[in-house]
Number of protein chains: 2
Amino acid sequence: MDKSDTKQRLLDVAEKLFASNGYHCTSLRKVTAKAGVNLAAVSYHFGSKEALVEAIFERRLRPLNEERMGRLETVRAAAGAAGRKPTAEEALRAFIEPTLRFRDSAPGARYFLHLIGRALTEPDDAVRSIFFRMIGPVFALMFEVLCEARPNLSRNQVFWRLNFAIGAISRCTFLPEKLPVVPAGIEIELSADRQIDMLVDFLVAGMEAP
Amino acid sequence: MDKSDTKQRLLDVAEKLFASNGYHCTSLRKVTAKAGVNLAAVSYHFGSKEALVEAIFERRLRPLNEERMGRLETVRAAAGAAGRKPTAEEALRAFIEPTLRFRDSAPGARYFLHLIGRALTEPDDAVRSIFFRMIGPVFALMFEVLCEARPNLSRNQVFWRLNFAIGAISRCTFLPEKLPVVPAGIEIELSADRQIDMLVDFLVAGMEAP
DNA sequence: GTCTATAGATTGATAGAC
DNA sequence: GTCTATCAATCTATAGAC
C-alpha cells in the first residue's frame with residue numbers, strides 16, 4: 001500500500017501543479033514537497049521529469065481516448081448499418097461528451113484537462129510530442145468520420161474546421177480562473193452538460209456551414 | 001543608429017525565439033547570442049526578461065489593437081447610422097481580418113502571432129497578465145458588439161461563443177509546424193485571405209446558430 | 001553603450017547509506 | 001523504498017572597468 005501510494009501521490013500532485021503553473025515553472029522540488037515525499041522518489045519511480053509528465057498523460061488519456069475512439073467507431077458503424085453517412089453532430093458529440101463529462105469524473109480530472117488544453121500549445125518539443133503521439137489516432141479517426149459526414153467539403157476544409165473545433169473545445173477544458181478578463185455577470189462555471197450543449201450548438205453550425 | 005539597432009535586434013530575435021521555443025525555454029543567453037549582442041544588453045535596454053517580453057507585446061499589439069478597435073467602432077457606427085444592429089459577420093471580420101492580414105505584414109509578425117496564440121494559455125501568471133491587460137479592451141468591445149449582433153442570446157452565451165471563436169482563431173495564428181499530426185495531402189500553409197474565408201464561414205455559422 | 005566577470009539562486013539528476 | 005547530501009549545469013541580474 002505504501003509502495004503505490006507514493007507513486008500515486010506524485011502523479012496527483014504533479015498533475016495539479018503542472019496544470020496550474022506549467023511544466024517548466026514547476027520544479028520537482030515543489031512537486032515532492034507538496035506530495036510529502038522525498039525528492040529522489042521521482043527518479044526512483046519514474047526516472048525523470050519528462051517520464052513523470054508522460055505517465056500523467058498516459059494514466060488519464062488512455063481510457064479517455066479509448067472511449068472517444070469507441071464512440072466514433074460506433075457512430076460510423078451505426079450510420080453504415082442504416083445505409084447513411086454519419087452526421088457532424090454525431091461525430092462532434094462522440095468527441096466532446098466523453099471529454100467534458102470526464103471533467104467531473106475524478107478529483108484531478110479538471111486539472112488534467114487544463115493540462116492537455118495547454119499541451120496543444122506546449123513550447124517544449126519533447127512534451128508536446130508525447131501528447132501528439134497519444135492524441136494522434138483519435139484526431140485521425142475524428143478527421144475521417146468528419147470527412148464522411150461532410151463529403152462535399154474538401155479534406156483541406158474539414159481539416160481546418162476540425163482544428164477550429166479543437167481550439168474552441170480547448171477553451172472549455174481550461175480552469176476558469178485562467179480565462180481572459182470576464183465581463184460582469186458572466187457565469188464562468190458551467191455544468192458539463194450545459195457546456196456540451198453550448199459547444200455542440202456552435203460547432204455543429206460551423207461544421208455544417210456550406 | 002547603433003543605439004537603437006541593438007534594442008531592435010533584441011526585440012526581433014527574442015520574439016522569434018520566445019515564439020518558437022517558449023518564454024521559459026528561451027534563456028537570455030540564447031537571445032543575446034543569436035542577436036550578436038552582449039548578455040548585459042537586455043538589462044541595459046529593458047531591465048529584465050519580463051520587461052523584454054512586455055516590450056515585444058507592446059510593439060506589435062498596440063497598432064494591431066488600435067486597428068481592431070477602430071474597425072469595431074466603425075461597424076457599430078455604420079450600423080447605428082443605418083438604424084440597424086451590427087451583424088456577427090461584420091464583428092468577426094473586424095477582428096479577424098486585421099489579425100490575419102497582419103501575419104504577412106512584417107517579417108517577424110508570424111512569430112508574434114504564434115506568441116500571442118500561446119499567451120492565451122501561458123502558465124506564467126506575470127506573462128499572461130501582461131497579455132490579458134493589453135487584449136482586455138479589444139475583448140470587451142468585441143463582446144459588446146457581438147451582444148448587439150445577437151440580442152436574442154444571453155450575455156452568457158455570447159461570452160462563451162466569443163471564447164470558442166478566440167480558440168478557433170488561435171489555431172490559425174500558430175506556426176504550421178507546431179500543429180498536431182497532419183493527414184496526408186493537407187495544405188497547411190494558406191494565404192491570409194483563404195484562411196480568413198475559412199474562419200469566417202465557420203465562425204459566422206457558429207455565432208448565428210440559434 | 002558595451003563589455004567581462006561573477007554573484008546568488010535554482011534546477012534535474014544521482015550516489016550511497018539505511 | 002526512502003533518505004541525505006551533493007554534483008554539475010543553468011539561470012537572471014548586476015557591479016564595475018572601459
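Note: hydrogens, waters and symmetry copies are ignored here, and every other heavy atom, side chains too, is used. Quick caveat, the model's predicted, so the values are computed rather than measured. Letters A, B, ... are given to chains in the order of the sequence lines, protein chains preceding strands, and every chain is numbered from 1.
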Inset, instruction - Can you check each nucleotide of nucleotides 13-18 of chain D against protein heavy atoms at under 4.0 Å and return B for base, S for sugar-phosphate only, - for none, in 5' to 3' order? - result: BB----
Inset, instruction - Nearest whole angstrom, please: distance from the P of D:dG1 to the CZ of A:F46. - result: 12 Å
Legend entry - Distance test, side-chain N/O of A:T6 to OP1/OP2 of D:dG1, below 4.0 Å: no
Legend entry - Criterion salt bridge (charged side-chain N to carboxylate O under 4.0 Å, His left out) against A:E15, the qualifying member of A:R110, A:R9, A:R60, A:K34: A:R60
Inset, instruction - Identify the two heavy atoms, one from B:T173 and one from B:G117, that lie closest to each other, and give their separation to 0.1 Å. - result: OG1-CA, 4.0 Å
Legend entry - Check ion pair A:R133-A:E54 (N to O, under 4.0 angstrom): yes
Inset, instruction - Would you indicate what A:T32 reaches in the nucleic acid, counting non-hydrogen atoms under 4.0 angstrom: base, sugar-phosphate, or nothing? - result: nothing
Inset, instruction - Return no unless some side-chain N or O of A:S27 is found under 4.0 Å from OP1 or OP2 of C:dT10. - result: no
Inset, instruction - Round to a whole Å and report the spacing from NE2 of A:H45 to P of C:dT14. - result: 16 Å
Inset, instruction - Check whether any side-chain heavy atom of B:L153 lies under 4.5 Å from a side-chain heavy atom of B:R161, and answer yes or no. - result: yes
Inset, instruction - Write down the distance between NE2 (B:H24) and P (C:dG12), rounded to a whole number of angstrom. - result: 13 Å
Inset, instruction - Hey, could you give me each pair passing salt bridge (Lys or Arg N to Asp or Glu O under 4.0 Å) that has a residue in residues 138-147 of chain B? Not counting sequence neighbours. - result: B:E144-B:R155
Inset, instruction - Scan for ring-ring contact (aromatic ring centres under 6.0 Å, His included) pairs involving residues 96-120 of chain A, sequence neighbours excluded, and state none if there are none. - result: A:H114-A:F174
